[in-house]
Amino acid sequence: MIRLDGDTASGRAYMSEVGRGRDGRGGMNYAIYHDRYQRTVDGWKFAERVYEVRYEDASPLAGSPPRPAEDS
């Protein structure tokens, strides 16, 4: 949802991430971006973005990273 108020607006974006570092540690999280936007002569721009993690899980991930592509 985005709320407009003249030349300013606010919105939220929900997301999830799964990742594995080069050291093998992995994790997953669910988060929300809390955004404020400002209308400019070039269009709408981010005025502020706050990242709020709502859930984080550092349990080992199942599976393995993909293998590098072989040279042809």
inquiry  = Applying side-chain hydrogen bond (donor to acceptor under 3.5 Å, both in side chains), can you list everything that pairs with D23, at least two apart in sequence or on another chain?
reply    = R25
query = By side-chain contact (heavy atoms from CB on, under 4.5 Å), which residues pair with S10, not counting sequence neighbours?
reply = R3
note = Contacts of Y33 meeting side-chain contact (heavy atoms from CB on, under 4.5 Å) (sequence neighbours excluded), chain-then-number -> A13, M15, D35, R49, Y51
key: From W44 atom CH2 to Q38 atom CD, the distance as rounded to the nearest 0.5 Å   = 7.0 Å
request  = Drop me the distance from D7's CG to Y37's OH, to the nearest 0.5 angstrom.
outcome  = 15.5 Å
remark   = Contacts of L61 meeting side-chain contact (heavy atoms from CB on, under 4.5 Å) (sequence neighbours excluded), chain-then-number -> V18, R20
query = Have D42 and T40 got a donor and an acceptor in their side chains that come within less than 3.5 Å?
reply = no
query = Mind checking what makes side-chain contact (heavy atoms from CB on, under 4.5 Å) contact with R12, not counting sequence neighbours?
reply = Y14, I32, H34
request  = Look up atom CG in L4 and atom CZ in R39, then write down how far apart they are to the nearest 0.5 Å.
outcome  = 7.5 Å
request  = Just jot down the side-chain hydrogen bond (donor to acceptor under 3.5 Å, both in side chains) partners of D5, sequence neighbours excluded, or say none.
outcome  = none
